[in-house]
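Counting starts at 1 for both ligands and their atoms, in listed order. In what follows, every heavy atom counts, from backbone to side chain, and hydrogens, waters and symmetry copies are set aside.
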Amino acid sequence: EEQEEDVLRELRLFLRNITERLSLDRRFKAFTKPVDIEEVPDYLMVIKKPMDLSTLLTNIDQHKYVTVGEFMADADFIWKNALEYNPDSDPMDRNIRHRACALKDTVRAIIRDELDEDFERVCEEIRESR
Ligand SMILES: Cc1noc(C)c1-c1cc(NS(=O)(=O)c2ccccc2)cc(C(=O)O)c1
């Protein structure tokens, strides 16, 4: 009903705000767009679920997420994919893994500091009712 739509509208505002702040952080520039398959031709042979910050934003606008947990599951693919595709000890791989870990820690810190757990519980009730 209307109150549920108000809650989900507030969820989308919260998730858009997080995603836009991450996209403005220069450390995370490589994560703002899908990995370019012309530049990285074997990427889709290794990574089964590509994800990036612009795709998160599209998903938010398409009302894909009803809880913060669902958003986090997709956001986690961004850094997990980077760790999986760039496992080697050479400086380039180490550098992208360092940025991937910074992204993981930053998302978690924002959620810990800014998400009201009662609000997430209301979102989970809506998810279970649908
Ligand atoms: C993410 C990700 N996961 O695997 C890799 C590898 C990256 C990644 C992707 C990008 N952006 S891109 O796919 O459009 C691109 C790749 C190669 C040359 C020029 C552009 C940049 C970087 C970077 O370190 O700058 C890294």
Checklist entry - Are the side chain of E120 and the backbone N or O of L115 linked by a donor-acceptor pair below 3.5 Å? => result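 Absent.
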Checklist entry - Checking N86 side chain against A82 main chain: does a donor-acceptor pair fall under 3.5 Å? => result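 Present.
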Item to check | Identity and distance of the protein heavy atom lying nearest atom 4 (O) of ligand 1 | outcome: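 Sorting protein heavy atoms by distance from atom 4 (O) of ligand 1 puts N86 ND2, 3.2 Å first.
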Item to check | Nearest neighbour in protein (non-hydrogen) for atom 17 (C) of ligand 1 | outcome: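 Here the nearest protein heavy atom works out to E39 CB, 3.5 Å.
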Checklist entry - For ligand 1, is there an atom lying under 4.0 Å from some heavy atom of K29? => result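 No, K29 has no heavy atoms under 4.0 Å from ligand 1.
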Checklist entry - Who else is in the cluster with L24 when I, L, V, M, F, W and Y are joined by side-chain contacts under 4.5 Å? => result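 Taking Ile, Leu, Val, Met, Phe, Trp and Tyr as members, L24 stands alone, with no cluster partners.
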Next on the checklist: Heavy atom to atom 1 (C) of ligand 1, shortest distance: which of A100, A30, P34 holds it?
Outcome noted: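 Shortest heavy-atom distance from atom 1 (C) of ligand 1: A30.
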Checklist entry - atom 26 (C) of ligand 1: which of I96, T32, N95 has the nearest heavy atom? => result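 The option holding the nearest heavy atom is I96.
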Item to check | D61 versus T58, side-chain donor and acceptor atoms under 3.5 Å | outcome: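 No - no donor-acceptor pair under 3.5 Å links their side chains.
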Item to check | Test item: protein heavy atom less than 4.0 Å from atom 13 (O) of ligand 1 | outcome: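 Answer yes: something from the protein, a heavy atom, is under 4.0 Å.
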State whether [X] and [Y] are salt-bridged, where the test is any N-O pair (Lys NZ or Arg NE/NH1/NH2 against Asp/Glu carboxylate O) under 4.0 Å.
X    : Y    : value
D76  : K49  : no
D74  : K64  : yes
E4   : R130 : yes
R121 : D118 : yes

In ligand 1, which numbered atoms sit nearer than 4.0 Å to a non-hydrogen atom of [X]?
X   : result
D36 : 12 (S), 13 (O), 14 (O)
R99 : 23 (C), 24 (O)
Y85 : 4 (O)

Checklist entry - Where's the contact between V35 and ligand 1, heavy-atom distance under 4.0 Å: side chain, backbone, both or neither? => result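 For V35, backbone and side-chain atoms both sit under 4.0 Å from ligand 1.
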Item to check | Under-4.0 Å heavy-atom contact with ligand 1, by part of N81 that carries it | outcome: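 Neither; nothing of N81 gets under 4.0 Å from ligand 1.
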Item to check | Y43 N/O under 3.5 Å from ligand 1 N/O | outcome: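 For ligand 1, there is no N or O atom that lies under 3.5 Å from one belonging to Y43.
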